[in-house]
Amino acid sequence: MTPIQTPSIFAPVSTPAFAIRDLSFFVLAIMAAIFLIVAGIAIYTLIRFGRRPTNPQAEPAQVYGSTQIELAWTVVPLLIVVVLFLVTARYIYGIERRPQPPDALELTVVGHQWWWEIRYPKLGIVTANEIHVPVSDAANPAPTFITLESVDVAHSFWVPQLAGKMDVIPNKTNRVWIEPQQVGTYVGQCAEYCGLQHALMLLVVVVHPKDEFRKWVAAQQAAPAEVPTAREGRELFASLACINCHSVRGTPGNGVFGPDLTHLMSRSTLGAGAASNTPANLRAWVKDPSALKAGALMPGMKLDDAQLDQLLAYLVTLR
Ligand code: CUA
C-alpha cells in the first residue's frame, strides 16, 4: 500500500476538494482582513486614548450615539455575509450539478454501526472499509460517483482530500463524487457521532493507476481459491452462525449484516481500523471482537483453541 496521507482539506487531490480548498482560502482571507481591521482599531484606541501619566484624571471625548457608525457596523457585516453566502452557494452548485457520465465508476457505500459496506453494483464486488478507485487525469477523467445509504443511524462520509463531507442518513440516498488526480491512499472517517465506536469507523480510499485498478477488480471478482488444507475450517465456518451475518462467495454464507469476507485478507484492517489485519489479530478478533472494539456488534462465538485454529486456517485463505 502506498504511504498514507495525512487527512487535510489543505492538501486536496480531487476535483471537489480543490474547490473546497479555494473557498476556504477565500473565507480565511476575509476573516483575516476583519481580524486585522478590528484588532488594529482596538490596538490604536488603546494607545491613542489610554491613560496619560502626565494627567491620569483626563478622559477622552465621550461620544453618545452615531447614526453613521451604527449604519456602518450593520451594513458592512451584512454585505460580507451576503458575499460569503453567494460565493458558497456558487461552489456548492458547481460541485452538485456535475452530471454523472455514463462510463463513470459507480459505488454504493452503506454506513453500519461501525463499519462501511462498499458495493460496486456494476462490477459485482462487495467489500468493506476500503474503497479502491482508478486515478483520473485531465485527458482521461475517471470520476467515481458514490451513493450513500445507512442501515441504522446517521453517519457521515468524509475523506477530506477527495471531497466535502456528506451525511449518510437512514431512508435517504445522498451522493458524492470524487475525481482523484494522484495515486495514493487517503484516509477518511465517519464524521457524524453514531454511537460508542464512532471513532473507530475509519475508511481508506486507495487510488490506483488505471491498469492496477483493473487488476484489483479482477482479483475481487474471482472466487477465492479452495485450499485443501482449509477444508475443515471451511466446514466449521459453514456450520456456525458466522454465515448468518457474513457472505463468502461460493459458500452457503450469504449474510449481509456483517462485512463480506470473500476477500477478507485483501483488506488492511479489521473492525474498520480497530487493528491491522494480521492472522494473530484476526484470531483475537474472532475469539472476542469486543476485546479489540468494545461494543462491536459481532459476538464472541465461544470457540475453543482447536476450533479457532481451524477457522483461522480457512479465513487466511480468503485472499
Ligand atoms: Cu458512523 Cu460516526
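Ligands are counted one by one from 1 in listed order, and the atoms in each one are counted from 1 as well. The shown structure was predicted, so the numbers you read here are calculated from the model rather than taken from an experiment. In what follows, residues are counted from 1 in the order of the sequence shown.
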Run the salt bridge (charged side-chain N to carboxylate O under 4.0 Å, His left out) test against Glu226 and tell me which residues pass, sequence neighbours left out. Arg234

Indicate the ring-plane relationship of His198 and Tyr193, choosing parallel, tilted or perpendicular according to the 30° and 60° boundaries.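 It falls in the perpendicular class, over 60°.
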
Taking the inter-plane angle between the rings of Tyr120 and Phe213 on a 0 to 90° scale, is it parallel (under 30°), tilted (30 to 60°) or perpendicular (over 60°)? tilted

Taking Trp158's backbone N and O only, do any of them form a donor-acceptor pair with Lys165's side chain (distance below 3.5 Å, no angle check)?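 No, Lys165 side chain to Trp158 backbone: no donor-acceptor pair under 3.5 Å.
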
Is atom 1 (Cu) of ligand 1 under 2.8 Å from any N, O or S atom of Tyr193? no

Has His198 got an N/O/S atom less than 2.8 Å from atom 1 (Cu) of ligand 1?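 His198 does not place any N, O or S atom closer than 2.8 Å to atom 1 (Cu) of ligand 1.
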
So, His155 and atom 2 (Cu) of ligand 1: N/O/S under 2.8 Å, yes or no?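 No, since none of the N, O or S atoms of His155 sits under 2.8 Å from atom 2 (Cu) of ligand 1.
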
Any idea which N/O/S atom from Glu192 gets closest to atom 2 (Cu) of ligand 1? O

